[in-house]
Amino acid sequence: MKIACYPGSFDPITNGHLDIIKRASKVFDEVYVTIMVNPKKKVTFDQQERKEMIEQCTKDLPNVKVVIGNGLTVDFATKLNATALIRGIRAVADYEYELQQATANMMLNENIETFFFVARPEYSFLSSSVAKEIAINGGDISKFIPEAIKDRVNNELKK
């Protein structure tokens, strides 16, 4: 069985994240969307809220599970019996960062491969931060955030 782990903060999940999840679910038998705890990041939604939102957006993908992880990504992936890490690449800057991470992960655990999914052009600029900034300033986030959670995101960010 081919098991992959897609780690990130997903604060909140965007249409770009969801696109990668859907594409990965066609390649791997199981995909664990893993909300990793990063104490350096200030988040808008707590881990449980993010988990619920991702589950709501992926409920039609039977081979996708959502979990909360901590520690080193490769160690957590090993606990899930994953042999692959999924990463999205939007631009050259992402590639440079992700290449460093993938290389470090390879040094930590040579049994886990990193697979890069190139963002579709319509999502090549999109990040959770961009979507949140648009929502905070009253903009329409319907092209950036999955419909299933759009109102929840808007309500939280327009407080």
Side-chain angles (χ1 to χ4, degrees), residues 2-28 30-51 53-55 57-58 61 63-137 139 141 143-146 149 153 156-157:
K2 296 182 288 184
I3 300 172
C5 176
Y6 180 26
S9 56
F10 306 105
D11 184 44
I13 185 172
T14 67
N15 286 333
H17 293 132
L18 188 55
D19 179 63
I20 289 173
I21 293 166
K22 287 176 180 178
R23 291 162 53 200
S25 75
K26 294 176 185 173
V27 175
F28 296 94
E30 283 186 346
V31 176
Y32 285 93
V33 178
T34 308
I35 301 162
M36 293 301 291
V37 177
N38 183 345
K40 294 180 182 179
K41 277 194 173 184
K42 183 181 181 309
V43 296
T44 302
F45 299 95
D46 69 31
Q47 298 161 350
Q48 191 58 41
E49 289 174 310
R50 288 180 274 160
K51 184 176 189 287
M53 287 190 287
I54 297 168
E55 287 173 339
C57 295
T58 60
L61 301 171
N63 64 332
V64 172
K65 296 176 178 65
V66 185
V67 295
I68 297 169
N70 56 35
L72 292 173
T73 301
V74 289
D75 292 344
F76 195 78
T78 300
K79 290 177 189 172
L80 298 172
N81 294 318
T83 56
L85 293 175
I86 302 298
R87 301 302 297 159
I89 301 286
R90 294 172 294 193
V92 173
D94 279 352
Y95 178 74
E96 291 174 4
Y97 171 79
E98 294 297 346
L99 180 61
Q100 288 178 335
Q101 293 298 307
T103 304
N105 288 335
M106 193 181 300
M107 297 295 291
L108 292 169
N109 186 334
E110 64 184 25
N111 297 315
I112 296 182
E113 294 289 340
T114 300
F115 290 80
F116 296 124
F117 281 69
V118 176
R120 294 189 190 281
E122 61 266 33
Y123 305 129
S124 63
F125 67 93
L126 182 55
S127 67
S128 295
S129 298
V130 166
K132 286 192 287 190
E133 188 71 24
I134 292 167
I136 288 167
N137 288 291
I141 59 170
K143 292 181 182 174
F144 311 116
I145 298 293
I149 64 165
V153 172
E156 179 64 29
L157 293 171

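This structure is a prediction, so every number in the text was calculated from the model and none was measured.
Counting heavy atoms from C-beta on, the side chains of Glu49 and Asp46 come closer than 4.5 Å. No side-chain heavy atom of Ile13 sits less than 4.5 Å from a side-chain heavy atom of Arg50. At least one side-chain heavy atom of Asn15 sits less than 4.5 Å from a side-chain heavy atom of Pro146. Contact check for Pro12 versus Lys132: side-chain heavy atoms found under the 4.5 Å cut-off. Counting heavy atoms from C-beta on, the side chains of Cys57 and His17 never come closer than 4.5 Å. A heavy-atom distance below 4.5 Å is not found between the side chains of Lys65 and Val33. Considering only heavy atoms from C-beta on, Phe117 stays 4.5 Å or farther from Arg87 through its side chain. Using a 4.5 Å heavy-atom cutoff, the side chains of Val153 and Thr44 are not in contact.
Across all non-hydrogen atoms, the minimal contact from Ser25 to Val64 is CB-CG2, 3.9 Å. Lys41 approaches Ser9 most closely through the heavy-atom pair NZ-OG, 3.2 Å. Of all non-hydrogen atoms in Ile35 and Gln47, the two that sit nearest each other are CD1-O, 3.9 Å. Closest approach of Leu126 to Arg90, counting heavy atoms only: O-NH1, 2.9 Å. Ala131 and Ile145 make their closest contact through CB-CD1, 3.6 Å (heavy atoms, listed as atom of the first residue, atom of the second, distance). When all heavy atoms are compared, the tightest approach of Ser124 to Ala119 is CA-CB, 4.2 Å.
The structure places CE of Met53 at 8.5 Å from CD of Glu156, a figure rounded to the nearest 0.5 Å. Glu133 CD to Ile136 CD1: the interatomic distance, rounded to the nearest 0.5 Å, is 5.5 Å. Residue Ile89 holds its CD1 atom at 8.5 Å from CG of Leu99, rounded to the nearest 0.5 Å. Atom OG of Ser128 and atom CZ of Phe144 lie 12.5 Å apart (nearest 0.5 Å).
Side chains of Asn105 and Gln101: a donor-acceptor N/O pair is absent below 3.5 angstrom, by distance only.
Formation of a donor-acceptor pair under 3.5 Å by the Thr58 side chain with backbone atoms of Leu61 is not found in this model. A donor-acceptor distance shorter than 3.5 angstrom exists from the side chain of Thr14 to the backbone of Gly16, with no hydrogens or angles considered. With hydrogens and angles disregarded, a donor-acceptor distance shorter than 3.5 Å links the side chain of Asp11 to the backbone of Phe45.
Proximity of the aromatic rings of Tyr32 and Phe28 is defined here by a centroid distance below 6.0 angstrom, and this criterion is not met.
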Hey, can you pull the donor-acceptor pairs under 3.5 Å for the side chains in residues 71-85, sequence neighbours left out?
unit_1, atom_1, unit_2, atom_2, d
Thr78, OG1, Val74, O, 2.8
Thr78, OG1, Asn109, ND2, 3.1

Exercise for the section: Kindly indicate, with the supporting measurements, whether the criterion side chain to side chain contact (heavy atoms under 4.5 Å, CB included) is fulfilled by Ile21 and Tyr6. Expected result: CA-CA 8 Å; Ile21 293 166; Tyr6 180 26; 3.5 Å; yes
Exercise for the section: Walk me through it: do Thr114 and Met106 pass the test side chain to side chain contact (heavy atoms under 4.5 Å, CB included)? Expected result: CA-CA 8 Å; Thr114 300; Met106 193 181 300; over 6 Å; no
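For OH of Tyr97, the number of neighbouring non-hydrogen atoms (other residues, nucleotides, ligands) closer than 6.0 Å is 12 at most. Within a 6.0 Å radius of CD in Gln48, other residues, nucleotides and ligands contribute more than 12 heavy atoms.
Of the charged side-chain nitrogens involved, at least one lies within less than 4.0 Å of a carboxylate oxygen, so that Asp19 and Arg23 count as a salt-bridged pair.
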